[in-house]
Amino acid sequence: MSSRPELQAPPEIFYDDTEARKYTSSSRIAEIQTKLSERALELLALPDDGVPRLLLDIGCGSGLSGETITENGHQWIGLDISQSMLNVALEKEVEGDLLLGDMGQGLGLRPGVIDGAISISAVQWLCNADKSSHEPRLRLKAFFGSLYRCLARGARAVLQVYPENLAQRELILSYAMRAGFAGGVVVDFPHSTKSRKEYLVLTCGPPSLSTTIPNGKGEDGESCSDDESSGDEENQTVCISDRHRPRKKQKINKRGKAREWVLRKKEQMRRKGNVVPPDTKYTARKRKSRF
């Protein structure tokens, strides 16, 4: 796509009746959605005991990912902000229960009733201020707080996201950790621009053996260890310990910029052809409060 959908219009406006049907009827989108949903279910690591679980599909749209949940023998509840998308899901007679709502205002579900949650290409919408009343940080806080409360103890949430940049990824992950989640980011195909996919794998509860972050997949489909991506800081898996990592503080010179720094900058400007005042004994000297 030439332009990201979340940068064009709010989701309830962008996914109108026309776009909702166009999205659902595309065989390419359906194939991608199915693969992403299957990978999200794999990362959920649900017990293989044949017992159906109640899962939450956040940003369910027209039910494409919900159909994958049904095929895997689980029940699901879908939440989406687009009425047009939910209308298409109703026409398809999907087997999940559908809720119209804004995840940025909280999920509104009873505490501890959900056995797992997935989300495909939806959470990054919370980073946009589509209305004057929208504050991305408050919306992320409301979303992750309500998600943590509705999940059963030890349950996982797998959120596939398309962050616009590294800062947006860190913003999303930081509010997930503040809500109490353990976990981090799993990156599939980290060295591929086209196939790269990011999943937030979050566990409800304190860190334990069950909260260990899975490895991402490599180009050959096999698991990609952390060592393979250690040279690329952006591709490294982020874990819960990052919350306690101290940030470097920039040293501030109370007397302002040193004379050597000012002279060096002026020389750089001269080399660029800019007109720069000549150097004198007053260069970089701080003025008195009054003449």
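Start at 1 with the first residue, then count along the sequence.
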(message) One thing to verify: whether Lys35 and Glu31 come together as a salt bridge, which I'm taking to mean a side-chain N less than 4.0 angstrom from a carboxylate O.
(response) yes
(request) Could you list the residues that satisfy salt bridge (Lys or Arg N to Asp or Glu O under 4.0 Å) with Asp279, not counting sequence neighbours? (result) Lys266, Arg270
(message) Is the shortest side-chain heavy-atom distance between Ile58 and Asp80 below 4.5 Å?
(response) no
(request) Evaluate the side-chain proximity of Thr203 to Leu151: yes if any heavy-atom separation is below 4.5 Å, no if none is. (result) no
(request) Kindly give the heavy-atom pair with the smallest separation between Leu56 and Cys150, and that separation in Å. (result) CD2-SG, 4.4 Å
(message) Taking Phe143's backbone N and O only, do any of them form a donor-acceptor pair with Ser146's side chain (distance below 3.5 Å, no angle check)?
(response) yes
(message) Do Thr68 and Leu41 have side chains that approach each other closer than 4.5 Å (heavy atoms only, starting at C-beta)?
(response) yes
(request) May I ask you to test the Leu90-Leu86 pair for a side-chain heavy-atom distance under 4.5 Å? (result) no
(message) The test is salt bridge (charged side-chain N to carboxylate O under 4.0 Å, His left out); show your working for Glu42 and Arg39 and say whether it passes.
(response) CA-CA 5 Å; Glu42 178 185 345; Arg39 177 58 170 156; 3.1 Å; yes
(request) Keeping to residues at least two apart or across chains, list the ring pair (Phe, Tyr, Trp, His ring centres under 6.0 Å) pairs with something in residues 36-88. (result) none
(message) Can you pull out every salt bridge (Lys or Arg N to Asp or Glu O under 4.0 Å) where at least one residue sits in residues 110-129? Sequence neighbours excluded, please.
(response) none
(message) For a 4.5 angstrom cut-off between non-hydrogen side-chain atoms, does Lys92 reach Thr24?
(response) yes
(message) Please check: side-chain N/O of Arg149 versus main-chain N/O of Pro111, any donor-acceptor pairing under 3.5 Å?
(response) no
(message) Determine whether a donor-acceptor pair (N or O, by modelled atom type, separation under 3.5 Å) exists between the side chain of Gln168 and the backbone of Glu164.
(response) yes
(message) I need the Phe144 CZ to Leu107 CG distance, nearest 0.5 Å.
(response) 10.5 Å
(message) Please list all pairs meeting salt bridge (Lys or Arg N to Asp or Glu O under 4.0 Å) that have one or both residues in residues 95-106, counting only residues at least two apart or in different chains.
(response) Asp102-Arg139
(message) Working note: Ile120 + Ser37, criterion side-chain contact (heavy atoms from CB on, under 4.5 Å); need CA distance, chi angles, decisive distance, verdict.
(response) CA-CA 7 Å; Ile120 307 299; Ser37 302; 3.9 Å; yes
(request) Going by the side chain to side chain donor-acceptor pair (under 3.5 Å) test, name the single residue among Lys197, Gln160, Gln33 that passes it with Ser121. (result) Gln160
(message) If hydrophobic clusters are built from ILVMFWY residues whose side chains come within less than 4.5 Å, do Leu200 and Val187 share one?
(response) yes
(request) Inspect the surroundings of NZ in Lys22 and state if more than 12 heavy atoms from other residues, nucleotides or ligands are less than 6.0 Å away. (result) no
(request) Of all the heavy-atom pairs spanning Gly184 and Met177, show the shortest one and how long it is. (result) N-CE, 4.0 Å
(request) Can you sort out the partners of Pro136 under side-chain contact (heavy atoms from CB on, under 4.5 Å), two or more places apart, ordered by chain and number? (result) Ala129
(request) May I ask you to decide if Leu171's main-chain N or O and Ser174's side chain share a donor-acceptor pair within less than 3.5 Å? (result) yes
(message) I'd like to know if the side chain of Arg156 and the backbone of Leu43 have a donor-acceptor N/O pair within less than 3.5 Å.
(response) yes
(message) Suppose we screen for ring pair (Phe, Tyr, Trp, His ring centres under 6.0 Å). Which residues come up paired with Tyr199, at least two apart in sequence or across chains?
(response) none
(message) Rounded to the nearest 0.5 Å, what separates atom CG in Leu98 from atom CD1 in Ile77?
(response) 10.0 Å
(message) Using every non-hydrogen atom in the two residues, find where Leu100 and Leu79 come nearest and quote the distance to one decimal.
(response) C-CD1, 4.3 Å
(request) Applying side-chain contact (heavy atoms from CB on, under 4.5 Å), run through Asn72 and Leu46 and close with a yes or a no. (result) CA-CA 11 Å; Asn72 281 266; Leu46 296 171; over 6 Å; no
(message) How long is the straight-line distance from OH of Tyr282 back to CZ of Arg285, given to the nearest 0.5 Å?
(response) 6.5 Å
(message) Please report the interatomic distance CD1(Ile81) to SG(Cys60), rounded to the nearest 0.5 Å.
(response) 12.0 Å
(message) I need the minimum non-hydrogen distance between Thr283 and Pro278, along with the two atoms involved.
(response) OG1-O, 4.2 Å
(message) If hydrophobic clusters are built from ILVMFWY residues whose side chains come within less than 4.5 Å, do Tyr175 and Phe181 share one?
(response) yes
(message) Go through it in stages, so that I can follow the logic: the residues are Ile69 and Ile118, the test is side-chain contact (heavy atoms from CB on, under 4.5 Å), and I'd like the CA-CA distance, side-chain angles, deciding distance and then a yes or no.
(response) CA-CA 10 Å; Ile69 296 176; Ile118 68 169; 3.7 Å; yes
(request) Kindly compute the distance separating CD1 (Ile29) from CG (Leu36), expressed to the nearest 0.5 Å. (result) 11.5 Å
(request) May I ask you to test the Arg137-Lys141 pair for a side-chain heavy-atom distance under 4.5 Å? (result) no
(request) Taking all non-hydrogen atoms of both residues into account, name the closest pair between Ala157 and Leu147 and its distance. (result) CB-CD2, 4.0 Å
(message) Give me the atom names and distance for the closest heavy-atom approach of Val185 to Glu198.
(response) CG1-OE1, 4.2 Å
(request) Return the set of residues passing side-chain contact (heavy atoms from CB on, under 4.5 Å) with Ala122 (not counting sequence neighbours), or none when no residue passes. (result) Met103, Ser119
(request) Using the test salt bridge (Lys or Arg N to Asp or Glu O under 4.0 Å), find all partners of Arg21 that sit at least two apart in sequence or belong to another chain. (result) Glu91
(request) State which residues pass salt bridge (Lys or Arg N to Asp or Glu O under 4.0 Å) with Glu71; sequence neighbours excluded, sorted by chain then number. (result) none
(request) Could you check if a side-chain atom of Val161 sits within less than 4.5 angstrom of a side-chain atom of Arg169, using non-hydrogen atoms only? (result) no
(request) For Tyr23, check ring pair (Phe, Tyr, Trp, His ring centres under 6.0 Å) against everything at least two apart and list the hits. (result) Tyr15
(message) Checking Val51 now: which residues fulfil side-chain contact (heavy atoms from CB on, under 4.5 Å) with it, not counting sequence neighbours?
(response) Asp49, Arg53
(message) With rounding to the nearest 0.5 angstrom, report the CG to OG1 distance, Asp57 to Thr70.
(response) 9.5 Å
(message) For Asp48, give me all partners under salt bridge (Lys or Arg N to Asp or Glu O under 4.0 Å), at least two apart in sequence or on another chain.
(response) none
(message) Does either side chain, that of Ser84 or that of Asp16, offer a donor lying less than 3.5 Å from an acceptor on the other one?
(response) no
(request) Answer with yes or no whether the hydrophobic clustering places Val276 together with Leu263; edges join I, L, V, M, F, W, Y residues whose side-chain heavy atoms lie under 4.5 Å apart. (result) no
(message) Quick check: do Leu159 and Leu202 have side-chain heavy atoms less than 4.5 Å from each other?
(response) yes
